[in-house]
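Just follow the structure's listing: the first ligand is 1, and inside any ligand the first atom is 1.
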Amino acid sequence: MTGQVRGVQLARLLGQWHALPGRRRSPDYAALAGAVRGLLADGRLPLGVRLPAERELAEALRISRTTVTAAYRQLRETGHLASRRGAGSWTMLPGNHRVASTGLWTPLDDREMIDLGVAALAAPPQLLAAARAAAEDLPRYLGGAGYHPTGIIELREAVADGYTARGLPTSADQIMVTSGTQHALDLVLRLALAPGGSVLVESPTYPNALAALAGRRARITTHGLAADAGGWESDLLLGSLRQTRPKLAYLIPEFQNPTGHLMPASLRERVVAAAHAVGTDLVIDESFVDLPLDGTELPPPTATFDRHSRVISIGGMSKPYWGGLRIGWVRASAPQVQRLAAVRVGVDMASPVLDQLVAVHLLADAKAIVADRRTQLAAQRDALLGALAHRLPDWRVTVPRGGVTLWAELDGPVSSALARAAEEVGVRLAPGPRFGLDGTLERFLRLPFTLPAADLVEAVGRIAAVRYDLDRTGRQRWREPAVIA
Ligand SMILES: Cc1ncc(COP(=O)(O)O)c(C=O)c1O
């Protein structure tokens, strides 16, 4: 069991359940059961959560208790609810259905394929000059052994200055350079989470974070994000923190991967306060913080609200600059950085000096490079949105105000089938269930806008063609999961 949802909370999640499409002829209890199934399928209602007592839900929904009783009975019959007399009812999926949410998630080297499985840009043109300048700098380091477990001082200072410029005063001894954000997450987990420890994550979330958590055999609970612009339901998120008191929570407040949501300042403040109250460490992944689009204003960094070293921020060069650099970092208290460095000795000891120097040169030119990236991303996003509106008008998308992905709500629970079919026509997709646990999220698909506009438009055309074929040919056969990115 991962916690319980109260009557008013479930009522809020259910929203206009009695007015769902296609329910004209179905009785109230069936519509209610259908709406609960919908929340489960979308990952907004976690599995293993205790539903409110029948009377409580009836009051919250202002309907008769008999209707709730009948809805719960139907949910039990369809395998979506397990009940024990006197103890309550828990959400589940029929047949203990699970889809692996982990697996190799790396870029594909097939050049014919339009790869929408990877949400990362090609290198910026400034990279070559930065690499040449870094090579010129290298002699300054060649007299030493080259091992810098927390990173070379120039880069730590540049990263610290970036936080200070965002309104979060930071010194170089609060920064540890890592080999990418993923590596930063792995090191933080090694430090802060004992094997089998409890972790709260958003659903959907970044699949490789789930893979890192699986590596720690973490017990994961989820906070379901709404597909529309609101994203986080504050009361539910704070309620989950208070109820489950996880050891750690992993959140992506800036242009969340995959939904693109931006967490407002007020919720950041409340999450940090709640985490402090229940003893939860917050790992805040800021991978997309440099990429607001349309002039979107950023709220203060989550760590701004932290007075008790509860927040560990991680970030890196991959999204605004280039993933191939493999440079990321952790921002924490100076003692935490020292402890991380001690953990790192057992892993990889240090990051490559040359790559760190390249990062220093790129960060020196950050303003211009990042401005170009934003312009490029906004144009590609608009091309993708235009193609979707034209070719797949039944899909619903919330326009992301930053980041590199949009989270499309499909016209049916077909995401995995669509991904398999799209691969046959040369488009690699990351289907919705990849971003959650337990095989939910089949009605969603993440679409990155990191490829050139022409590729995005071509990909949407191919996806639209196979989408309509899916309806004609029925379900595709299941294949072994392939390497995606
Ligand atoms: C939220 C999030 N965190 C971490 C990463 C991994 O970043 P890096 O390449 O710096 O390891 C990604 C890459 O997609 C991401 O989206």
### Message
Within ligand 1, which atoms have a heavy atom of N257 less than 4.0 Å away?
### Response
15 (C), 16 (O)

### Query
Under 3.5 Å, is there a donor-acceptor pair linking the side chains of R331 and T170?
yes

## Note on the structure
Under 4.0 Å from one or more heavy atoms of F288, ligand 1 contributes atoms 1 (C), 16 (O)

### Task
Starting from atom 6 (C) of ligand 1, find the nearest protein heavy-atom neighbour and note its residue, name and distance.
Y206 OH, 3.4 Å

### Query
Quick one: are V118 and T450 in side-chain contact, heavy atoms under 4.5 Å?
no

### Task
Can you sort out which atoms of ligand 1 are near R326, meaning under 4.0 Å from one of its heavy atoms?
8 (P), 9 (O), 11 (O)

### Query
Have S309 and Q336 got a donor and an acceptor in their side chains that come within less than 3.5 Å?
no

### Query
Of all the atoms in ligand 1, which lie at a distance below 4.0 Å from a heavy atom belonging to I252?
1 (C)

### Message
Do the side chains of E233 and R44 get close enough for a salt bridge, i.e. N-O under 4.0 angstrom?
### Response
yes

### Message
Can you confirm whether the side chains of E269 and S266 place a donor and an acceptor under 3.5 Å from each other?
### Response
no

### Query
Can a donor-acceptor pair be found between the side chains of D137 and H361 at a distance below 3.5 Å?
yes

### Query
Does the side chain of T259 pick up a donor-acceptor pair with the side chain of Q256 at under 3.5 Å?
yes

### Query
Backbone N or O of L451 within a donor-acceptor pair of the Q380 side chain at under 3.5 Å?
yes

### Task
From atom 3 (N) of ligand 1, work out which of I314, D285, T181 has a heavy atom at the shortest distance.
D285

### Query
Which atoms of ligand 1 sit under 4.0 Å from any heavy atom of G180?
10 (O), 11 (O)

### Those atoms of ligand 1 less than 4.0 Å from some heavy atom in S318
8 (P), 9 (O), 10 (O)

### Query
Does ligand 1 have an atom that lies less than 4.0 angstrom from a heavy atom of K319?
yes

#### Entry: Sub-3.5 Å N/O-N/O distance, H183 and ligand 1
no

### Message
Is G316 close enough to touch ligand 1? Criterion: a residue heavy atom under 4.0 Å from a ligand atom.
### Response
no

